[in-house]
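Below: the structure, in structure tokens.
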Amino acid sequence: MNIIAVGAHLDDIELACGGTLAKAVKGGHRVKMLVMSDSSGVNFKGETIRTKEEALKEGKTASKAIGVRPLEILDFPNKDIPYNSRSVEAIDKVMSEFDPDIVFTHWPFDTHQDHRNTSLATISAARKRENVLLYEPFAPSGRSYIPFRPQVYIDIADTIKDKIRAIKEHKSQYEFYGKDWTEAIQGRARMRGFECNSQYAEVFECLRLKLDTLPLL
Ligand SMILES: [Zn+2]
């Protein structure tokens, strides 16, 4: 199968479905990561959050940690990724070349405007795709005005280590958030695993799912 994950920033995909993608790679599937922005930028105080060089270097090392190649990065501006014909068509172009069987993207009620717009643009671009699953958001952007509904669980007991290693490769973010960040991610995966009688799991909302597809993962 061909599997694509579309994220707004370098680190979103690993955080949300890094274990699932690592599992798919090990299972012999073709996996691609598509990131909408180079993820560089400054905050409202003018402080640098992440330089472009730093984000690209970390993003490439992290995608390798979960075994995913290629990683494609589009040139939409960090913090201002649009939901319009330009973003929909950019994703559509990548999808028509890669022809994915499964599409993963952000949950559209995420409170980060980039995550939300990436989700909407991907959902539009994936209108003819059979399987579209939406990531569980991670705090603080996951603190939305409606609750996320855990619907589709994927066992990642065999790849949780790869996921955590990939997240730690985002060194600038790891230094910023500290080890509480990875401990919280691992703790949540453990909780999701407990909910589905496994050790670790990632979970998704389902936009569309052809039932005979996912068991192959
Ligand atoms: Zn993000």
Side-chain angles (χ1 to χ4, degrees), residues 4-21 32-45 47-63 65-66 68 71-84 87-88 90-91 94 103-126 132-146 148 163-178 180-182 184-186 188-189 202-205 207:
I4 192 168
V6 187
H9 312 112
L10 290 155
D11 77 359
D12 289 336
I13 294 173
E14 298 90 318
L15 281 167
C17 66
T20 298
L21 297 188
K32 181 181 176 91
M33 288 165 61
L34 176 66
V35 177
M36 299 298 279
S37 98
D38 67 24
S39 312
S40 61
V42 293
N43 64 15
F44 67 94
K45 296 176 195 161
E47 299 161 343
T48 301
I49 304 168
R50 218 175 178 191
T51 66
K52 182 176 176 178
E53 294 68 32
E54 205 169 43
L56 293 177
K57 186 167 171 271
E58 292 172 0
K60 281 180 190 162
T61 320
S63 65
I66 51 171
V68 175
L71 163 68
E72 184 168 346
I73 301 161
L74 301 179
D75 62 353
F76 292 97
N78 189 16
K79 298 197 288 185
D80 284 307
I81 296 170
Y83 171 42
N84 60 20
S87 58
V88 172
I91 299 168
V94 173
V103 177
F104 291 101
T105 191
H106 292 279
W107 180 61
F109 302 102
D110 191 301
T111 46
H112 193 308
Q113 71 277 7
D114 280 352
H115 297 178
R116 210 161 49 232
N117 286 346
T118 297
S119 175
L120 295 172
T122 305
I123 289 169
S124 295
V132 182
L133 296 172
L134 309 169
Y135 314 139
E136 180 172 26
F138 194 77
S141 64
R143 291 182 158 182
S144 187
Y145 50 90
I146 66 160
F148 175 83
K163 174 180 174 129
I164 298 298
R165 204 172 73 242
I167 292 165
K168 284 183 177 169
E169 291 295 350
H170 288 281
K171 290 191 170 68
S172 60
Q173 305 303 287
Y174 187 58
E175 279 166 22
F176 181 75
Y177 291 112
D180 288 349
W181 192 40
T182 45
I185 291 158
Q186 184 155 346
R188 190 177 71 178
E202 285 169 339
V203 69
F204 305 87
E205 269 199 23
L207 180 78

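Indexing begins at 1, ligand by ligand and atom by atom, following the structure's order. Values in this document were obtained by computation on a predicted structure and should not be read as measured data.
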Next on the checklist: If I consider every N, O or S atom in His9, which one ends up closest to the Zn ion (ligand 1)? I only need its name.
Outcome noted: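 The Zn ion (ligand 1) is closest to the His9 atom ND1, counting only N, O or S.
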Item to check | His112 and His9 aromatic centres sub-6.0 Å | outcome: yes
State, with a plain yes or no, whether a side-chain heavy atom of [X] is found less than 4.5 Å away from one of [Y].
{"X": "Thr51", "Y": "Ser40", "value": "no"}
{"X": "Leu207", "Y": "Leu133", "value": "no"}
{"X": "Lys32", "Y": "Val94", "value": "yes"}

Checklist entry - Of all the atoms in Asp12, is at least one N, O or S atom closer to the Zn ion (ligand 1) than 2.8 Å? => result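 Of the N, O and S atoms in Asp12, at least one lies under 2.8 Å from the Zn ion (ligand 1), which means yes.
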Checklist entry - N/O/S of His112 less than 2.8 Å from the Zn ion (ligand 1)? => result no
